[in-house]
Each structure stands twice: as C-alpha cells, then as structure tokens.
Amino acid sequence: MSQREILVTSALPYANGDIHLGHLLEYLQTDMWVRFQNARGNMCTYVCADDTHGTAITLRAEKEGITPEQLIDRVHGEHYQDFQDFLIKFDNYYSTHSDENRELAELIYKRCKEGGFIATRDVKQAYDPEKGMFLADRYVKGTCPECGAEDQYGDNCEVCSATYAPLDLKDAYSVVSGAKPVEKSSEHFFFKLPEFQGMLKEWTRSGTLQPEVANKLAEWLDGELLEWDISRDAPYFGFEIPDAPGKYFYVWLDAPIGYMSSFKNLCERRADLDFDHYWKKGSTTELYHFIGKDIVNFHALFWPAMLDAADFRKPNAVNVHGYVTINGEKMSKSRGTFITARTYLDHLDPEYLRYYYAAKLNDKVDDMDLNFDDFVQRVNTDVVNKLVNIASRCQGFIGKFNDGKLAAELPEPQMYADFVAKSEEIAERFEARQFSAGVREVMALADRANEYIQAQAPWKLAKEEGKGDEVVAVCSQGINLFRVLLTWLTPVLPNMAAKAQSFLNVADLNWGSIEQPLLDHQLGKFEPLMQRVDGKAVAKMLEANKPAEAEKPADKPKKKAKKEKQAPETPDVIDFNDFVKVDLRVAKVVKCDHVEGADKLLSVTLDVGELGERHVFSGIKACYQPEDLLGKNVVLVANLAPRKMKFGMSEGMILASGDDKNISVVMPPEGAKPGDRIS
RNA sequence: GGCUACGUAGCUCAGUUGGUUAGAGCGCAGCACUCAUAAUGCUGAGGUCACUGGUUCAAUUCCAGUCGUAGCUACCA
C-alpha cells in the first residue's frame with residue numbers, strides 16, 4: 001500500500017472564549033480520524049490555530065483592561081491546554097496573528113488583485129463618532145422600530161423577528177461607547193466571488209461535500225452570488241492591507257489562511273514536510289477540512305474561490321458536522337448545560353467523551369444529542385463491561401497457570417482470523433467518518449469474545465486436575481481477541497490503549513501488527529484500564545456549571561417568541577376585548593404604484609382621515625394593477641406594528657381574501673369615510 | 001412564506017437500487033454462571049417505521065400534502 005500524504009484541519013476556534021463540548025465534537029472527530037490514518041500507516045498531519053482577529057477581540061481585551069495581544073496569548077494557552085487534556089494531538093497549534101499568516105494573506109490578496117478579482121466601492125455603515133470606528137450590525141443596539149422592544153441588535157429583533165438596518169433602530173446607540181451612531185461612507189474592497197460561480201457549481205458537486213451540504217449551497221449558487229466584502233476600516237485588530245493604509249483584512253479572510261500558515265510554520269521545523277508540495281496547484285497530497293455546519297459558506301464558497309484565484313490547490317473535501325445538543329436541548333448557560341472543556345475535565349475522564357462521540361458520530365450533518373444518562377450507560381457497558389472485561393477476566397488465569405505467559409498456539413485460530421478479517425470493513429467505516437458504525441462492529445465482536453469465554457468456562461476447567469493448559473489456551477485466545485479489538489479503538493481511546501499496550505507488552509498497536517497473534521508471549525502487569533463513569537460526577541459537573549442565581553441570564557426572548565409563533569396562545573375563540581385591539585379603518589387609496597424590482601408588491605399610499613396618510617406595501621400585484629385601486633376604499637389594519645421590508649417601511653396591512661393566486665381586496669362601499677373605525 | 005435536512009422500539013441509532021414475520025446496542029423482565037472493575041451468557045417482552053393520500057402485484061424505502069424538529073432565507077403586513 002502506498003503511503004498517503006494527508007493534511008487535515010479543524011476550524012480555528014475564536015480567541016475570545018472557552019472551548020466547550022460543542023467545539024470538542026469537531027476536534028475529537030478530527031483527532032480520531034487523524035490517529036486512525038496514522039495507525040493505518042499513512043502520513044497524516046493535523047494542524048489548527050487560534051482565530052485571533054476582529055472587533056470582538058479588541059472589545060474583549062478592552063473590557064479586561066489588556067491589549068489584544070495579551071488576550072490572544074492567554075487564550076491560546078488555555079485552548080491548547082484544553083485540547084491537550086482531551087488527548088487531541090495537533091502537529092501544530094498556531095495562531096492567525098503570526099508572520100506566516102500575514103505573509104500568506106498578503107500573497108493571496110496580491111494574487112487576487114493581480115488577477116482582477118478585487119473590486120472597490122463605497123459602503124455606508126453605522127459609525128461611532130465617539131470611538132471613531134465603524135460598527136457592525138451587532139454592535140448597534142436600540143429600540144425595535146416595529147414592535148418597540150428595547151435593546152435589540154442592529155440587524156433584527158429577537159422579539160418580533162423583524163429585520164432592519166442598524167440606523168433604523170429608534171434611539172440607536174453604539175454598544176461600544178453608548179454614543180449615537182451616524183451614517184458614514186467608506187471605501188471597501190470586495191472579492192469578486194461571482195467570477196467563480198461556474199467553478200464552484202462544479203466543485204461543490206464533485207464529491208467534496210456531503211450531498212445535503214451541496215444542496216444547501218445550491219441555494220446560493222443557483223442564484224446570483226454577491227461580491228464578498230473583505231476589508232474593514234481602522235481601528236481593527238488584524239492585518240493592514242498592502243498599499244491601503246487604514247484598511248484591514250476582514251477576519252474571515254485571514255482565518256482559513258491560518259490553515260496554511262500553521263502548516264507553513266510546522267514545515268520550518270519538520271524536514272519531512274514541504275509547504276509547496278502540499279499547497280501548490282495540482283498537489284498529489286490530500287487536504288481535508290473538518291468544520292461545523294454554521295461556517296459552510298466560508299469554507300465551501302469563499303475559501304475554494306480564493307485558493308483558485310491565488311493559484312493554490314483546493315481541498316479534497318470539506319467535512320461538515322452538526323451541532324451538539326445536551327439532553328435534547330440546545331446548550332444553555334442557565335440550565336447548566338453550557339459545559340466548557342475545563343469544567344468537564346474537572347469531573348470526568350476525557351476518554352469517556354471520546355468514546356461516546358465516536359459511538360454516535362456519522363458522516364451526516366445532523367445534530368448530535370449528548371444525553372448524560374445514555375452517556376453513562378453506553379460508556380460503562382461498552383468499554384468497561386464488555387471490552388476491558390475480556391482482558392480482565394482472562395489475565396488472572398494466565399498469571400496463575402502460566403506465570404503471565406500466553407500459550408504457544410491458539411485453540412481457535414480460525415476465530416482469530418475471522419476477527420482480523422473484519423479489519424478492512426472497520427477501516428472503511430472510519431475512513432468514511434462513520435465512527436458509530438465502526439464502533440458498533442467492534443463491540444459486536446467484543447460480544448463474540450465474551451460468548452466464547454463463557455462457553456469455554458475456564459473457571460470450571462481451572463478446578464479440574466490437569467486442565468491448566470486448556471485454561472491458558474482459552475484465555476490466550478481471549479487476550480489475543482482483546483488485542484485486536486483494542487487496536488481498532490486506539491484512535492478513540494489512546495490513553496487506555498497505552499495502558500493496555502504495556503499490559504500486552506508490545507511495541508505498538510498498529511493495524512498491521514494484528515495479522516499475527518501473540519504466542520508464547522510474556523504479558524506485563526495488568527492494571528485497571530478504565531474506571532466506570534460515576535453518575536454522581538456527572539451530576540456534580542452539571543451542578544458546578546450552573547450559574548449562580550444572581551447572574552442567571554434571562555431566557556432568550558428569541559426562543560420564547562418563536563415558541564409563541566408556533567403554538568399561538570390565541571384560542572380559536574377570542575373574546576370581544578381581543579377583537580377591539582385590532583384597529584380597522586376605512587382608508588382611501590390616494591396613490592398606488594408598482595415597486596421596481598418587486599414581483600408581488602404594490603406600493604400603496606392611503607388617506608386614513610384623522611390618522612393622516614399611511615404608506616403600505618401589499619402583496620397583491622398578482623391580481624391588481626395600481627389603477628384598479630386608485631381612489632377606492634380599502635380596509636386598513638391601522639395599529640399593526642410597522643415593518644421594514646426590502647423596499648422600505650410598511651405601516652399597516654390591507655385586508656384581502658383568497659390565496660396567493662386569487663386575491664380580492666376587501667372594499668367598503670364608496671360612501672364610507674376614510675378614517676372611520678370598522679367594528 | 002420559501003429552501004435544505006430530519007422524524008424507525010423507553011433511550012441511542014442501523015436499514016443497502018421498494019420484495020416475505022422491520023434490526024442492533026443500551027435499558028427492562030426471567031433464568032444460568034461466579035473467572036472478571038456486581039462484570040458475563042441464555043431467553044423474553046417491547047414498533048400502525050410522525051400522519052394522510054398517491055404510484056405499484058408489493059412502500060419504512062418512491063411521489064404529494066399535513067404536522068413536528070433544526071438551520072438558512074425572505075418581496076408576510
């Protein structure tokens with residue numbers, strides 16, 4: 001078998017927060033896959049880094065009273081320690097705030113520019129005059145213009161789910177300084193993504209992505225792609241764009257380049273790795289990115305397009321996973337299920353989580369539920385009761401009857417061969433990231449090993465005179481089967497494997513080495529390979545993680561609002577008081593026009609008598625021309641919260657009956673007076 | 001509203017191009033065993049494969065719709 005050269009990455013964690021169990025699904029999945037590749041004899045390199053740039057880093061550092069550099073240094077240390085303690089074995093864990101990353105970002109930008117893939121134009125944005133900086137949507141807060149909810153972010157309202165521009169907020173203020181933001185224009189650089197539409201359409205369907213991910217991206221690719229804004233104005237923590245003083249690369253531009261720079265940094269101290277060999281166009285090496293479903297567009301649209309533009313190779317595949325839910329629900333701080341890596345490690349063994357994730361992971365994008373009752377049962381039963389038990393129940397007899405030495409031949413060589421023959425099948429599962437299927441097969445064989453021992457009942461033979469050799473034979477069979485099973489699980493349980501290795505007294509646990517059983521072989525000392533998960537420790541962890549009552553954040557309004565939407569409180573029958581809340585008015589159409597660029601909408605200006613004039617958009621174009629309505633009376637819901645739409649504000653709703661295709665606007669008689677209440 | 005997924009035993013999940021009585025592990029009940037970190041083995045109960053229609057000789061599997069879940073998105077006022 002020729003050795004594959006593989007480079008693997010996990011998404012770069014952002015340097016402003018702790019690693020939690022959701023992150024770990026990705027790093028553990030990747031680590032297990034990399035360890036598996038290496039155990040199979042391939043040359044697989046795993047690099048990652050902290051993602052260190054952007055406004056959030058600046059603000060976080062400011063809040064802590066330190067510099068961004070100090071912040072990212074500290075967080076880098078914390079992240080790295082967390083990963084190490086979870087037995088995640090990076091070849092390099094670097095930082096995007098590095099010389100290599102600056103050089104590569106500049107190089108890629110330069111090549112994009114030379115290729116004509118960079119556009120320039122002005123962008124209007126909210127600006128904090130006090131702080132002297134532009135504000136992304138989430139740094140502007142204010143009162144929702146639709147429903148009046150206070151303290152909403154600049155892009156949408158968590159209460160009524162309206163969308164709007166930051167400066168539409170009433171009483172808008174900068175989250176950074178509290179100042180009232182103003183609109184300001186500035187020149188931005190754009191990456192001409194549309195130029196790569198054809199390439200991306202093909203690339204996303206060429207086996208690089210799971211089908212469901214490719215389907216998702218087709219939503220963008222079948223429409224018009226937009227140019228991607230890749231610059232930010234000073235002050236910004238990041239890399240300044242060459243020949244553009246005061247302009248910085250947007251954090252998402254240099255973040256994926258961090259994969260390259262981490263590898264480049266590694267190459268400088270590893271003679272067996274060559275940067276160009278892995279990254280030049282047409283490279284024969286393999287490149288895989290493991291990411292979560294939230295950042296698919298960055299990795300499967302922008303990133304391959306940028307690589308293409310800059311004349312580098314593209315990834316062989318982007319492997320996307322779903323989110324982790326805890327006990328069936330989203331991770332939540334108030335429920336104590338927002339569990340950081342460190343909190344977990346304070347109470348539980350990392351290999352429990354490694355095994356549990358492996359036992360449930362597949363190659364799909366579905367979310368994975370971490371159910372702690374299931375977790376305890378699954379780990380204890382599979383790993384301790386089944387797998388470890390095989391070694392544990394056999395080793396005593398071999399010690400007693402043969403001084404810890406295995407028999408010179410196996411009583412059931414065919415059975416051993418049958419086990420080994422499963423190697424390829426299991427390898428295929430792991431290769432395809434169907435860890436759960438692989439683990440299931442391993443455990444099914446563990447069952448067979450226990451059945452065998454049960455049927456042979458060495459403890460009975462041990463009581464019979466002169467059957468010592470038989471006892472040793474049966475238990476040697478058991479130990480050898482254990483060795484095979486464990487070898488397969490080495491990528492999942494590296495610590496346990498190391499302990500078992502010293503018990504088995506072997507130099508390594510590679511897939512190749514199990515072809516031959518251990519015969520006439522002296523075993524080392526047996527020590528318990530893994531302790532059971534203690535349910536109480538799990539409970540303690542959840543308890544420790546719950547915030548103190550005082551700092552408990554209120555339940556997210558977003559979720560509440562959503563629930564109400566789906567299961568409206570409104571009963572089928574409403575009482576009179578509910579009805580009168582709706583302010584229905586006679587309104588006269590004084591102006592009615594087509595809306596340029598809109599397929600369904602008409603723009604309608606209404607005279608509502610005492611309430612003055614109102615402007616609404618109405619989705620009735622399919623059945624009405626502007627002149628059909630001009631001068632007619634219609635029914636307006638006058639106290640409906642205004643809503644920002646693509647083409648402007650809509651300040652009410654015109655009643656109509658029918659469905660999308662057959663619309664009849666409700667019209668009061670001509671004689672009705674504009675502004676009259678309808679009741 | 002639209003789009004993309006998903007909805008199979010109490011729990012976690014398999015179900016290959018539609019083909020007989022729908023599988024596994026855990027959990028549960030009973031029995032056996034006592035070497036093993038109270039582990040193991042055997043037997044068993046448990047499912048209108050979300051719901052409703054359709055295509056077909058035949059549908060968990062294909063199609064349409066409904067409901068529910070997750071995410072994205074909007075020209076819903």
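Lettering of chains follows the sequences in order, A, B, ..., and the numbering in each one begins at 1. Bear in mind the structure is a predicted one, so any value in this text is a computation, not a measurement.
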Could you state the atom-to-atom distance from CG of A:D366 to P of B:rG7 in whole Å?
-> 7 Å
Assign a letter to each nucleotide of nucleotides 32-41 of chain B from its 5' end: B, base within under 4.0 Å of a protein heavy atom; S, sugar-phosphate only; -, no contact.
-> -SSBBB-SBS
Reckon A:T325 touches a base, only the sugar-phosphate, or nothing at all at heavy-atom distances under 4.0 Å?
-> nothing
Using whole Å, report how far CE of A:M368 lies from C1' of B:rU69.
-> 17 Å
Return the value, rounded to whole Å, for the distance between atom CZ of A:R440 and atom P of B:rA24.
-> 12 Å
Nucleotide B:rG25, atom C1' - distance to CG of A:D373 in whole Å = 16 Å
When rounded to the nearest Å, what value does the distance between P atoms of B:rG30 and B:rU17 take?
-> 43 Å
side-chain contact (heavy atoms from CB on, under 4.5 Å) partners of A:E428, counting only residues at least two apart | none
Determine the interatomic distance between C1' on B:rU8 and the same-named atom on B:rU69; round to the nearest Å.
-> 16 Å
Side-chain heavy-atom pair A:Q454, A:R393 within 4.5 angstrom cut-off | yes
Taking the same atom, C1', in B:rC28 and in B:rU21, what whole-Å distance lies between them?
-> 24 Å
Atom CE of A:M653 to atom C1' of B:rC75: distance rounded to whole Å?
-> 15 Å
How many Å lie between CD on A:Q434 and P on B:rU16, as a whole number?
-> 12 Å
Distance, P atom - from B:rA9 to B:rA14, rounded to whole angstrom | 13 Å
Just need the stems in RNA chain B: three or more back-to-back Watson-Crick or G-U pairs, each with both distances under 3.5 angstrom, sorted by first number.
-> B:1-7 with B:67-73, B:10-13 with B:23-26, B:28-32 with B:40-44, B:50-54 with B:62-66
Find the distance A:E212:CD to B:rU69:C1' and express it as a whole number of Å.
-> 16 Å
Kindly write out the residues that satisfy side-chain contact (heavy atoms from CB on, under 4.5 Å) with A:T204, not counting sequence neighbours, or none if the list is empty.
-> A:L209, A:L217, A:L221
Inter-nucleotide C1' distance (B:rA29, B:rG68), Å rounded = 33 Å
Can you tell me how far C1' in B:rC49 sits from the matching atom in B:rC62, rounded to whole Å?
-> 16 Å
Return the set of residues passing ring-ring contact (aromatic ring centres under 6.0 Å, His included) with A:F375 (not counting sequence neighbours), or none when no residue passes.
-> A:Y356, A:F372
A:N495 meets the side-chain contact (heavy atoms from CB on, under 4.5 Å) criterion, sequence neighbours left out, with A:L87, A:E351
Could you point out which residue of A:F503, A:F397, A:F482 forms a ring-ring contact (aromatic ring centres under 6.0 Å, His included) with A:F526?
-> A:F503
Take atom P in B:rU56 and the same atom in B:rG47, then report the distance between them in whole Å.
-> 32 Å
Contact class for A:N362 vs. all strands (heavy atom < 4.0 Å): base, sugar-phosphate, or nothing?
-> sugar-phosphate
Rounded to whole Å, the CG-C1' distance (A:L370 to B:rC11) equals 13 Å
Atom pairs and distances, donor-acceptor, side-chain atoms in residues 383-391 of chain A, under 3.5 Å, two or more places apart:
residue	atom	partner	partner atom	Å
A:N385	OD1	A:R532	NE	3.3
A:N385	OD1	A:R532	NH2	2.7
A:K386	NZ	A:D447	OD1	3.2
A:K386	NZ	A:D447	OD2	3.4

Would you please name every residue forming a ring-ring contact (aromatic ring centres under 6.0 Å, His included) with A:Y357, sequence neighbours left out?
-> none
Taking only residues two or more places apart in sequence, or in another chain, which ones meet A:Q501 in a side-chain contact (heavy atoms from CB on, under 4.5 Å)?
-> A:V506, A:L509
With rounding to whole Å, what would you report as the distance between B:rU16 and B:rU52 at their P atoms?
-> 23 Å
The single option from A:Y355, A:W33, A:F430 that satisfies ring-ring contact (aromatic ring centres under 6.0 Å, His included) with A:F435 is A:F430
